[in-house]
Each structure stands twice: as C-alpha cells, then as structure tokens.
Amino acid sequence: MLSGQLRPSQREGMMIFGYSIIGAIIVGLILGVLAKLFLRGKQPVPLWLTILVGIVAAIIGNYVATLFGVADTFGFDWIRHGLQLLFAIIGIALLAGVYAKKAGTS
C-alpha cells in the first residue's frame, strides 16, 4: 500500500446501512418532511425527531424492498422509495398522536 492512500473503509467514512452520516440525515430530513406533507393537519413532532423517523424509515424501507427483491432495479427505484416514504408516514403519524396526547395532558 502506498503511503498516503486510505483503505476503503477509511475513504468511505462512517456508514449507516449504506448511507454516510450526512447522507442519512439528508435522506431522513427529506422523507420526514414529505411524510408531514402527506398527512393532514399540523404534526407537533420536532425537527430532530422528524429526521430520525426518516432515517429509520429509509432503513426499514430498504430492508423490505430487499425482502421483496426490488431493492436494486434499473433506473429510479420507485418501489423502494415508495416503501421508505410509506414507513416515514406511518412513523410520523404514530408520533404525532403521541405528541398530541402529551400536549393535551399538560
């Protein structure tokens, strides 16, 4: 190995199930915000939790897509991204209910 070269694991940086940390945050933000847009009304879920739900939804969506054999397709992976969005919507809806009850009891 030449001096100054990085091993592949060092070159790629921190990975979370195929996403870099920054990539996971960006994907989580996009999925979480899209999920909030699809749901009616205002969801009292904070931004950090919206991002976290989006990250978890991306991981679960990728896993389910792999189980169905549609994780790697030619072109844009509509089914995989649709599954990710579906899980983000479910997650935000569940958390919105919890946060609404929490706000109502205060």
Side-chain angles (χ1 to χ4, degrees):
M1 181 156 105
L2 298 174
S3 66
Q5 284 186 329
L6 297 174
R7 292 190 313 259
S9 62
Q10 290 176 321
R11 191 172 47 235
E12 293 170 2
M14 291 289 294
M15 301 294 281
I16 299 177
F17 297 98
Y19 293 111
S20 68
I21 299 283
I22 305 263
I25 292 170
I26 292 169
V27 167
L29 176 64
I30 292 169
L31 284 172
V33 168
L34 283 174
K36 282 184 158 189
L37 289 174
F38 275 95
L39 294 170
R40 289 186 190 177
K42 186 179 185 314
Q43 296 80 35
V45 180
L47 181 62
W48 68 269
L49 196 52
T50 300
I51 293 170
L52 186 63
V53 167
I55 292 169
V56 172
I59 292 167
I60 294 171
N62 285 345
Y63 179 72
V64 172
T66 301
L67 290 177
F68 289 149
V70 295
D72 295 317
T73 59
F74 295 107
F76 193 74
D77 295 328
W78 289 105
I79 298 171
R80 180 171 55 101
H81 296 307
L83 288 168
Q84 291 172 338
L85 183 57
L86 174 68
F87 288 112
I89 291 169
I90 291 169
I92 293 292
L94 291 173
L95 284 174
V98 170
Y99 269 82
K101 287 181 185 177
K102 184 178 172 182
T105 58
S106 299

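In this text, all values refer to a predicted model and were calculated from it rather than measured experimentally.
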Point-to-point distance, once rounded to the nearest 0.5 Å, from CG of L52 to CG of L29: 12.5 Å

Minimal non-hydrogen separation, L31 against A58, with atom names: CD1-CB, 3.7 Å

Minimum heavy-atom distance I25-I51, with the two atoms named: O-CG2, 3.8 Å

Nearest heavy-atom neighbours spanning T50 and V33: CG2-N, 3.9 Å

Nearest-0.5 Å distance, CG of residue L83 to CD1 of residue I79: 7.5 Å

Sequence-distant partners of W78, ring pair (Phe, Tyr, Trp, His ring centres under 6.0 Å), two or more places apart: F76

Closest non-hydrogen atom pair, A24 against I55: O-CG1, 3.1 Å

Separation of N62 CG from L67 CG (nearest 0.5 Å): 11.0 Å

side-chain hydrogen bond (donor to acceptor under 3.5 Å, both in side chains) contacts in which one or both residues fall within residues 22-35, not counting sequence neighbours: none

Same cluster (ILVMFWY, side-chain, under 4.5 Å), I30 and V27: yes

Taking every non-hydrogen atom, the tightest pair across A57 and Q84: CB-O, 3.5 Å

OH on Y99 to CD1 on I92, rounded to 0.5 Å: 10.0 Å

Cluster link L39 to V53, ILVMFWY, side chain under 4.5 Å: yes

Joint hydrophobic cluster, Y63 plus L86, side-chain heavy atoms closer than 4.5 Å: no

Heavy atoms of other groups near I22 CD1, more than 12 under 6.0 Å: no

V45-L34 co-clustered via ILVMFWY side chain contacts under 4.5 Å: yes

Side-chain heavy-atom pair F87, I59 within 4.5 angstrom cut-off: no

Distance-minimising heavy-atom pair for Q43 and K36: OE1-O, 3.4 Å

L85 vs F38, side chain to side chain contact (heavy atoms under 4.5 Å, CB included): CA-CA, chis, key distance, verdict: CA-CA 10 Å; L85 183 57; F38 275 95; 3.5 Å; yes

same_hphob_cluster(L37, L49) at 4.5 Å side-chain heavy-atom cutoff: yes

